[in-house]
Amino acid sequence: MIEGRASLLSFTDIPGAPPPGTALGMLAEMADNTSRSLEFRDGDKRLEIFLHRLGDDVVAFHNRCPHAGAPLDWQPNRFLDSTGTVFLCAVHGARFRRHDGFCLSGPCAGAFLQPVGVKVAKGMIYAA
Ligand code: FES
């Protein structure tokens, strides 16, 4: 499966999420190369994203594998494989680059995780 990169999902498009510009936490609260899940609900609509710190930056993705739609994490807030260099889908083992969510191997090789807009400024992580 080869798909183009999905367009950035804004917090305005996530049901129940706070508006863009809302602080999501301090960068220093996340160790480098760790992830944190956030779940948003609006009525029966639910969407889970995860933040991942890469040095002084943070990336975010919809926690949904492009193969069969399963959440990636194999334990709460645990998204990396044993090498600590790629995200691993716990269901069928797809591996994804951390900085852009590109699937390197597995049943959805060539596809991307859905990126979500976040930014870091003055040590804070903000919804975008
Ligand atoms: S659901 Fe992720 S690889 Fe199948």
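Start at 1 and go down the list; that is how both ligands and their atoms are numbered. This chain uses plain numbering: 1 for the first residue, then up along the sequence.
Between Leu24 and Val58, the closest side-chain pair of non-hydrogen atoms is not below 4.5 Å.
Summarising the local packing, CZ of Arg46 is surrounded by more than 12 heavy atoms from other residues, nucleotides or ligands at distances under 6.0 Å. No more than 12 heavy atoms of other residues, nucleotides or ligands sit less than 6.0 Å from atom CG of Asp56.
With a 4.0 Å cut-off on non-hydrogen atoms, Pro107 touches ligand 1 through its side chain and not its backbone. In Cys65, the part holding a heavy atom less than 4.0 Å from any atom of ligand 1 is the side chain.
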Should Phe61 and Phe96 be marked as a ring-ring contact (aromatic ring centres under 6.0 Å, His included) after you check the CA-CA gap, both sets of side-chain angles, and the distance that decides it? CA-CA 11 Å; Phe61 299 99; Phe96 301 86; 8.5 Å; no
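Atom numbering of ligand 1 starts at 1 in the shown order; those under 4.0 Å from a heavy atom of Ala68 are 1 (S). Listed by number with element, the atoms of ligand 1 under 4.0 angstrom from any heavy atom of Ala94 are 3 (S).
Checked against Ile125 for a side chain to side chain contact (heavy atoms under 4.5 Å, CB included), the options Met30, Glu29, Lys119 give a single hit: Met30.
Rounding to 10°, one obtains 90° for the angle at atom 4 (Fe) of ligand 1 between ND1 (His67) and ND1 (His92).
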